[in-house]
Structure formats: C-alpha cells, structure tokens
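Worksheet: the structure to be examined is printed underneath.
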Amino acid sequence: MSNHILDQLKEETGREAIFLELDLASLDKVTKAANEFMSKEPAVHILFNSGGVMHPPIEQLTEDGYDLQFGTNVLGHAHLTLSLLPALLEGAKLAPDGTARVVNTSSLSAYHNSTPLIKWDTLRDGPKRKALGNEMLYNQSKYGNIAFSNELARRYSDRGNLETELQRHHGPIAQFLIKLIFLHPAYLGAHTQLWVATSPDVADVNGGWFIPWARQYAHSKETRNPEVEVKLWDWVEEQRKGH
C-alpha cells in the first residue's frame, strides 16, 4: 500500500517521498519512528499531527493499555512531537523567519466534551472509561489535542482543524449520513492545515485555533483552560518515561 502511495505522489509531483512507519498507539513505536527520522534528517520545518481514530470498539486499547482514542489521538501525537523537539528547534534555527510549525488537528467535537474537561480515570481501561462511552471518549480526545497544543504554544509553537478514514468504525448507514451532511472532500480538509503551516499571514500566530476554511477562531472556555493544560502536559511527560 505504501509503495503505491509513494509511486502516485512521485507521478503527480515529480518528487520522491520517503515512507516512515509510525504506530501512534504504541509509545515505543513512536520513539522508534522519531529516532529513525532524526537519524536521516536533522531538522523538521513543519509537523502535521493529523492521524487518529474515531469511535473504535470500546474494548480496543493501545499497546500500552490506554484508551485507544486518547492514547492515539492525544498521547501518541504528543509523544511524537516531544520526541522530535530537537529537530523542530533545529528547523526553527534554519528557517528564514526563525520558526518551525506544529499543526495539530482537532475537531468541533471538542465543543461537545463534558466537564471535567479531562476525566483522568478514563484514560486507562476500567468501568468509568466504559461508562463514558465511545462518543464522549472521542470528544475528550479532541479537547486533549487542543489542550496539548495550547501548552505546547505556551512553552514553544502553532495549530489547525474533514473526509478521511476517521469514520471507519461507523456502520454503513451512519457513514452515509455523516458524509451527506457533514463531510467535505479530503483535499478541502487539508486546505486549512496547509495554509496554517505555510502562509506568511500567520507566521506570528502562536497557539492559534483555526477552522475551515483558513480562518482563525477565538478560543472559549471549551478550548482554553490553563490549569488543565499544564496538568495534561505533566501527565504526558509522566507516561513517556521509559519509552
């Protein structure tokens, strides 16, 4: 599959892409991918964190025992970003504008999250995680993307917000309704991320929250809580130990 995509990219762009295996549901495999990248490239200029899962079967967990949605969507991306920090800082040093950009993809589902914004006893398996349910676990993970981004921006750098494989765990009728009512083609989904990552218009924006298509959106109580953001950062750092 990867070879087919690489061949297609070369045919359409004339450029050679390099495949890097990355499993966001395993902290050790994220570390391996980051180290492999940095052994070949000294700098990262733009990092897109846009992989993820949505509404998988409730019994599915990450390799390390975390809720699959939070463990993949939040912890996996956070671990990747922090593992690549030396290369990101090198990228900023080499860039004409002195910046490297990290674009984290969240979702308007974050606005459907409930309080407390992160239910810490649902991040690993247990009765409370199962009671919260797939949809709320997903909403929580999308808030987690924003919370990590806010704290990353405070400590270092940037952020973004579609039709992908995120809906693959829905049944066929639900998939049809979602596509009919909510979704846009994948190339439009990438538009905002690409603009945030490359436009000089937002070079000075740190920790921005952007929505389709290429518009900055104001933070609210659903997307900004410094106390929770610091706690999430500390939690991520604790989980990364030994990996």
* Are Gln140 and Asn113 close enough, and set up right, to give a side chain to side chain donor-acceptor pair (under 3.5 Å), and what steps lead you there? -> CA-CA 5 Å; Gln140 175 174 255; Asn113 189 29; 5.9 Å; no

* To do: Go through the steps for Glu227 and Lys231 under the test salt bridge (charged side-chain N to carboxylate O under 4.0 Å, His left out), then give the verdict.
  => CA-CA 6 Å; Glu227 184 180 340; Lys231 188 173 179 180; over 6 Å; no

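With salt bridges taken as basic N to acidic carboxylate O contacts below 4.0 Å, one links Glu36 and Lys40. A salt bridge links Asp125 with Lys130: the distance from a Lys NZ or Arg NE/NH1/NH2 to an Asp or Glu carboxylate oxygen falls below 4.0 Å.
The aromatic rings of Trp209 and Tyr111 lie tilted to each other, with the angle between the two planes from 30° to 60°.
Closest approach of Leu47 and Leu84 over heavy atoms only: CD1-CD1, 4.1 Å. Nearest heavy atom pair, residue Thr62 against residue Gly71, reads CG2-CA, 3.7 Å.
Between the side chains of Ser141 and Gln69, not a single donor N or O lies within less than 3.5 Å of an accepting N or O. With hydrogens and angles left out, the side-chain atoms of Asn104 and Asn145 include no donor and acceptor closer than 3.5 Å.
Hydrophobic clustering, with ILVMFWY side chains joined whenever heavy atoms are under 4.5 angstrom apart, keeps Val230 apart from Leu232. Residues Trp120 and Val236 fall within the same hydrophobic cluster, defined by Ile, Leu, Val, Met, Phe, Trp and Tyr side chains chained together at heavy-atom separations under 4.5 Å.
Ring centers of Trp235 and Phe70: under 6.0 Å apart, within the cut-off.
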